[in-house]
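Okay, structure first, notes after.
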Amino acid sequence: MGKQRITLSGNGRTLVLNNPVLTASGTFGYGLEYTPFGNLASLGGIVAKGLSLLPRQGNPMPRIAETPSGMLNAVGLQNCGFDEFVKRKLPKLPHKDVPVIVNLYATSPAEFAELAGKLAATEGIAALEVNISCPNVKEGGSSFGQSATMAAKVTEAVVNASGTLPVLVKLSPNVTSITEIAKACEGAGATALSCINTVTGMGVDLQSKRPLLANVIGGLSGPAIKPIALRCVWEVTRAVSIPVIGIGGISTPEDVLEFILVGASAVQVGTANIALPDAAFRIAEALPHTMHKYGISSLDELRGGLKI
Amino acid sequence: MGKQRITLSGNGRTLVLNNPVLTASGTFGYGLEYTPFGNLASLGGIVAKGLSLLPRQGNPMPRIAETPSGMLNAVGLQNCGFDEFVKRKLPKLPHKDVPVIVNLYATSPAEFAELAGKLAATEGIAALEVNISCPNVKEGGSSFGQSATMAAKVTEAVVNASGTLPVLVKLSPNVTSITEIAKACEGAGATALSCINTVTGMGVDLQSKRPLLANVIGGLSGPAIKPIALRCVWEVTRAVSIPVIGIGGISTPEDVLEFILVGASAVQVGTANIALPDAAFRIAEALPHTMHKYGISSLDELRGGLKI
Amino acid sequence: MSYPILSKETVLDLVPFGNSGQEAEFLALRLSPPAWKEIAPGQFVMLRLSGNHGNHIWGRPFSICRVTPRDLVIFFQARGRVTKEMAKLRPGDVIDVWGPLGNSLRVEKDTPTLLLAGGIGIAPFVEYAHTHPAPWNLSMEFGHRLPLDCYPFDSLNEKIDAAPHRENTVEDRDRFIALMEKRMQEHAKAKGLVLACGPTPFLRTVQTFALKHKVRTQLALETRMGCGVGACLGCVVQVALKASLIPPADSPVCKGEEYHNLQTCTCGPNFWAHQVKL
Amino acid sequence: MSYPILSKETVLDLVPFGNSGQEAEFLALRLSPPAWKEIAPGQFVMLRLSGNHGNHIWGRPFSICRVTPRDLVIFFQARGRVTKEMAKLRPGDVIDVWGPLGNSLRVEKDTPTLLLAGGIGIAPFVEYAHTHPAPWNLSMEFGHRLPLDCYPFDSLNEKIDAAPHRENTVEDRDRFIALMEKRMQEHAKAKGLVLACGPTPFLRTVQTFALKHKVRTQLALETRMGCGVGACLGCVVQVALKASLIPPADSPVCKGEEYHNLQTCTCGPNFWAHQVKL
Ligand SMILES: Cc1cc2nc3c(=O)[nH]c(=O)nc-3n(C[C@H](O)[C@H](O)[C@H](O)COP(=O)(O)OP(=O)(O)OC[C@H]3O[C@@H](n4cnc5c(N)ncnc54)[C@H](O)[C@@H]3O)c2cc1C
Ligand SMILES: Cc1cc2nc3c(=O)[nH]c(=O)nc-3n(C[C@H](O)[C@H](O)[C@H](O)COP(=O)(O)OP(=O)(O)OC[C@H]3O[C@@H](n4cnc5c(N)ncnc54)[C@H](O)[C@@H]3O)c2cc1C
Ligand SMILES: Cc1cc2nc3c(=O)[nH]c(=O)nc-3n(C[C@H](O)[C@H](O)[C@H](O)COP(=O)(O)O)c2cc1C
Ligand SMILES: Cc1cc2nc3c(=O)[nH]c(=O)nc-3n(C[C@H](O)[C@H](O)[C@H](O)COP(=O)(O)O)c2cc1C
Ligand code: FES
Ligand code: FES
């Protein structure tokens, strides 16, 4: 077991992870919030909260709600903006010991390119992750991730602006065919795909007759969506040849291995960090033992090895 | 409270329900399986297991699996076929006292029309529900429900073949824009829309390294998908003017009222029947009391009344 | 067949079997008895822990091990998510119970009847032996992995002639299988009846012998279930329908039949060995 | 500020407060104490029932009511899904605890300090009163709905000068509000400090008086939380950052400030009344 380094290579760029267990954007703050609960360098990588060029205050409250085995959120990409991130967050992260991946949020391909360019010129960033679930403000507000053409445009913009930095593209499950979008992003130069972002949902409070989220609609995450995420990873890994990072409802080391079994190269832990602050650390630490328990000698051997 | 009759009218056809609580296709057998657990006539309506022209043996086992707050199924539309249904099931159902709705499964618009025509000529059927999540066998196997054009074609075929029988069209959530499909079905003559069918998902067993379902991919249902269903009903009821029946994860009378609050005219109870065989009866019975508890004097007043 | 009901029943007690130091793997759960009109041996119930369970949405099927006017006894193995929760039940806890479900094991008063049980498969035979009109015509071979006091063997042995066979080694198992074949051959000769309950590999072995020696044999299947009432079609098994449901004593073995997917919960769980594909 | 840790703690006991015949609504939960280095009054912990819960995925925030080398005491109201489950905990049960979290209530040894508590809002003041270096400078007005023995009032009254006010009618409430205003005016004159904890409408009232009478006032907010550690941004509140964090004794009230969304869990839960939008 021991060394579990994971290499993600695609379209000529490469990202090396400490191990297959990363944290998912928006559920792990800037990483610093979790230093009391574990050693950041023990993680496969850290994906920071979605970053935009300028600071954003996000959506009004309430922004989060519990649902059966899951949660809804409409935080609305509140973040400190590029400058503050580079000045005050990044320097405190152990970026020499753990890959720091920045999740990007913008509302047009040009804005994505600008942000990617600035990040590429910054020391200490291991990769970019493009959140294509952002609304395409120029073209009516439906998300980039819901059209193959737009997803490819955004991917290309970021790839072109980011030099040799690996570019992950984070897919939305809220589409008729996720493989179509995945192929478009692969074609546009993505290094790897992160799969999946939250599922669109909503909740209401019968007493007050109001939505549970001020934004009405939000993103569903947590164990409830694990079956959807597994299906997406399964479909996408069979449709593209770049690596895929599995995300969705992972809260145990067994969950990690399930995602790898269906084809993922690595995973991100999201909502589980909110439920218990040592979740990602605990899962990363327990993985070798769990592999041993299931007689799995290497992740490469397990990967995509589903018997059908 | 007392009388809760619900009238669903759209595109010139009308379906009258005993009350807003129906059972969802495939989770309540042919209704007969549940006679030991309640009075069928106390339900708003019964939607029978998906029916095809000829009997079908369905998918290999295993066909069902538990997931966090939900379940996966890939039963594969096993059913007794039209003849057997009309000969042995329908006559035993109290169709004078409770609307019996037949859920239709076919693989081409022509086959849908043929089945709809035969059902329209049969005594004791209150309405048809078109399952547009069936694979479109002629055009490559992707489902009718994933293309607005095909969904409209199937709807039209059934509407034209069914005389004056109300035609519900059951929408799939596995699309980029459910409102687009909804509008297409409304335009093609649907009386009302059933919303939603299961969400595509999968599960795996780490021990055996096999999928939990022999079919690999299946449909996710149960409380886990309630937020997705609420969002779909909310979106669809704002996009069309025909009534919408809410489906997805309903297991308490509160859930029923939540769906009505976001715009549904009635609901179907699915997976909850599998979890406890008196679920639909219990929910229908408790509804007036629950309305009282929340100070809701009429469903019409509640319907779509979400404060935003 | 009996008319099932759904009710909330109270845990009277939970008795661990076997005195291993650790947590008991086998336990008898005694519940207040549902208001059943009639039940037949071999039938089962669905149990569901009350409340909301993120982890398990369905009830679980258990053989009716014993039912009296005072209690309903379930004998179970704590093996997975729900059964491990069940092992923590306490007197006074309330659970959902629906049953009696399924068909019964065949009872033929005057026919020499061989009961074959593997492990937890002993459960339905307790009720069977206690309600059989002529228990002297019954005999049982019981294969088990844990010490005998882990199972409700004594209460069976009171009533019928039962022999335990502990299986610790491959040799033990081979010996037990050979014994089962011998006993099934005897019953074939005597135009007897065989009833088997246990894990699927065990049932497959019994099925092979049933076909080979043409002895009328019923297999009690343990399929994963959703609803337990025939509605979800999640528990189907392939059955050759055209084979007569109760074969004549000379045991016709069906070949080349058309198979249908039948619900284990309503058409079973007890199927004739010559009809069912395992 | 203190460095939080996550640990599993054991339930020592659970004491219902008040002797109404029915199920107690207010309970004190005593846990084995986490290995904290330091804590400050006004901080809180997140508690999470162990295991998988379909119904509630997050932990829940509770004020540290009292902590000693022997125990950590949480005083809580059984009002919703988790707190009702918590009311069923038994000695020996193990739960997840992370803390101490958040900032502290301001302690100024020589400043006359008024504690205003509404209902369950009394909880953090127990620790506050027990650890204050000059409890004789503290006084408390406590508004409550249920009989006084439902709350940990006695243990507070031992230490400080505290007055209970039962609110059964609208008139009771009006009287209590008038009293609070009077007491806040007094503290404004004395350049004192006011600390308030209770439901949001109560805090809004206190905030109005704080601004009106220019008295330095801290409000302990009860926002719905996800992570409790500042990561999920689910608990934010609008705060006027440019207002100096600890206002001078003459209590500048900020106007026309730019508001920022700050996490209640890490930047709060205790905010100055003149900075926060409720
Ligand atoms: C008609 C019938 C009668 C039964 N009678 C008894 C009985 O008297 N006593 C008893 O202990 N058990 C009995 N079983 C088996 C019992 O239902 C399962 O052990 C139980 O469902 C496991 O639930 P779990 O949540 O603990 O396990 P899970 O966590 O669901 O699974 C744990 C393991 O058990 C297997 N499993 C799950 N469900 C079944 C099932 N229905 N049958 C066989 N294996 C299963 C899984 O594949 C897995 O390997 C019976 C099953 C049937 C169909
Ligand atoms: C810093 C802080 C300290 C707190 N200290 C205490 C304490 O010492 N004792 C105590 O009993 N409670 C305290 N609370 C409130 C406590 O967290 C809630 O009562 C609890 O989360 C309710 O959980 P539930 O699952 O039982 O309720 P739910 O089922 O989640 O909700 C029931 C009701 O409680 C409301 N609610 C949910 N979460 C909160 C919340 N965080 N604050 C206020 N209302 C909420 C809901 O809107 C709903 O009306 C504190 C809250 C915070 C933020
Ligand atoms: C509170 C919250 C905030 C999130 N913020 C972001 C974000 O800023 N950018 C992004 O790409 N994904 C965001 N996500 C999505 C997660 O990264 C992840 O894709 C999703 O939650 C599914 O994984 P999970 O089920 O493990 O949580 C957020 C999720 C949550 C719950
Ligand atoms: C076992 C099972 C079988 C189903 N079969 C059908 C079917 O034949 N036709 C259909 O339109 N929907 C079918 N469905 C979908 C349900 O009718 C319903 O739309 C879905 O399960 C969501 O509702 P729920 O969460 O309440 O179960 C089936 C669902 C389950 C769980
Ligand atoms: S368990 Fe549902 S049909 Fe048998
Ligand atoms: S609760 Fe997550 S940021 Fe405060």
Side-chain angles (χ1 to χ4, degrees), chain B residues 23-38 48-50 55-80 212-214 218 220-224 249 251-252 270-282, chain C residues 1-8 34 36-37 45-60 80-82 95-101 200 221 223-239 241 258-267 276-278:
Chain B
T23 57
S25 179
T27 64
F28 204 66
Y30 295 101
L32 303 167
E33 293 82 350
Y34 285 90
T35 50
F37 304 104
K49 171 75 199 159
R56 290 172 55 98
Q57 289 300 319
N59 285 330
M61 288 280 285
R63 294 172 163 193
I64 58 173
E66 284 178 311
T67 69
S69 294
M71 65 174 280
L72 286 163
N73 93 81
V75 167
L77 277 302
Q78 174 177 347
N79 79 92
C80 64
L212 292 181
L213 304 174
L220 183 63
S221 62
S251 53
T252 65
T271 298
N273 297 311
I274 300 177
L276 263 185
D278 71 347
F281 302 109
R282 194 176 21 84
Chain C
M1 186 64 8
S2 46
Y3 197 80
I5 59 169
L6 166 68
S7 52
K8 292 207 175 281
W36 293 338
K37 292 244 167 58
V45 287
M46 294 288 288
L47 300 189
R48 190 171 189 275
L49 303 178
S50 300
N52 274 305
H53 303 282
N55 242 346
H56 39 90
I57 196 153
W58 307 322
R60 293 288 191 275
R81 290 164 297 159
V82 173
I95 65 179
D96 292 302
V97 179
W98 59 106
L101 302 166
T200 305
L221 267 48
T223 317
R224 177 166 305 201
M225 289 182 181
C227 64
V229 301
C232 73
L233 301 176
C235 68
V236 298
V237 62
Q238 292 191 289
V239 177
L241 269 196
E258 195 191 327
Y259 282 85
H260 288 253
N261 279 329
L262 293 192
Q263 296 97 316
T264 303
C265 61
T266 46
C267 304
V276 64
K277 259 196 197 162
L278 284 189

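Within every chain, numbering begins at 1; the chains are lettered A, B, ... in the order of the sequence lines, protein sequences first and strands thereafter. All values below come from the heavy atoms of this structure, side chains included, with hydrogens, waters and symmetry mates left out.
- Residue B/T35 comes nearest to C/Y3 through the heavy atom pair O-OH, 3.2 Å, listed as atom of the first residue, atom of the second, then distance.
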Going by atom type alone, with no hydrogens or angles, which donor-acceptor pairs under 3.5 Å involve a side-chain atom of residues 272-281 of chain B and a protein atom two or more places apart or on another chain?
| residue | atom | partner | partner atom | Å |
| --- | --- | --- | --- | --- |
| B/N273 | OD1 | B/A280 | N | 3.4 |
| B/N273 | ND2 | B/T27 | OG1 | 3.4 |
| B/N273 | ND2 | B/V269 | O | 2.8 |
| B/N273 | ND2 | B/G270 | O | 3.2 |
| B/D278 | OD1 | B/R282 | NE | 3.4 |

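- Interface remark: C/T223 contributes side-chain atoms only to the contact with chain B (heavy atom separation under 4.5 Å).
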Please evaluate residues C/C232 and B/I64 with respect to the criterion side-chain contact (heavy atoms from CB on, under 4.5 Å), reporting the C-alpha separation (whole Å), side-chain torsions for both, the decisive distance (0.1 Å), and the verdict. CA-CA 9 Å; C/C232 73; B/I64 58 173; 4.2 Å; yes
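- When all heavy atoms are compared, the tightest approach of C/C227 to B/Y34 is CB-OH, 4.0 Å.
- The side-chain heavy atoms of B/M61 and C/V237, taken from C-beta on, include no pair separated by under 4.5 Å.
- Heavy-atom distances place the backbone of B/T67, and not its side chain, under 4.5 Å from chain C.
- Here C/Q238 contributes atom CD and B/Q57 contributes atom CD; the two are 8.0 Å apart, rounded to the nearest 0.5 Å.
- Contact detail for C/A231 and B/G29: the closest heavy-atom pair is CB-N, 3.5 Å.
- Under a 3.5 Å cut-off, the side chain of B/Q78 and the backbone N or O of C/N261 do form a donor-acceptor pair.
- Proximity to chain C is limited to the backbone of B/F28, based on heavy atoms less than 4.5 angstrom apart.
- Closest approach of B/G70 to C/I57, counting heavy atoms only: O-CG2, 3.6 Å.
- Heavy atoms closer than 4.5 Å to chain B are found in both the backbone and the side chain of C/W58.
- Applying the salt bridge (Lys or Arg N to Asp or Glu O under 4.0 Å) test to residues at least two apart or on different chains, the pairs with a partner in residues 57-69 of chain B are B/E66-C/R60, B/E66-C/R81.
- Among the candidates B/P55, B/A65, B/P60, the residue making the largest number of heavy-atom pairs closer than 4.5 Å to chain C is B/A65.
- When heavy atoms are compared at a cutoff of 4.5 Å, C/I5 approaches chain B solely by way of its backbone atoms N, CA, C and O.
- Of the atoms belonging to C/M46, not a single heavy atom falls under 4.5 Å from chain B.
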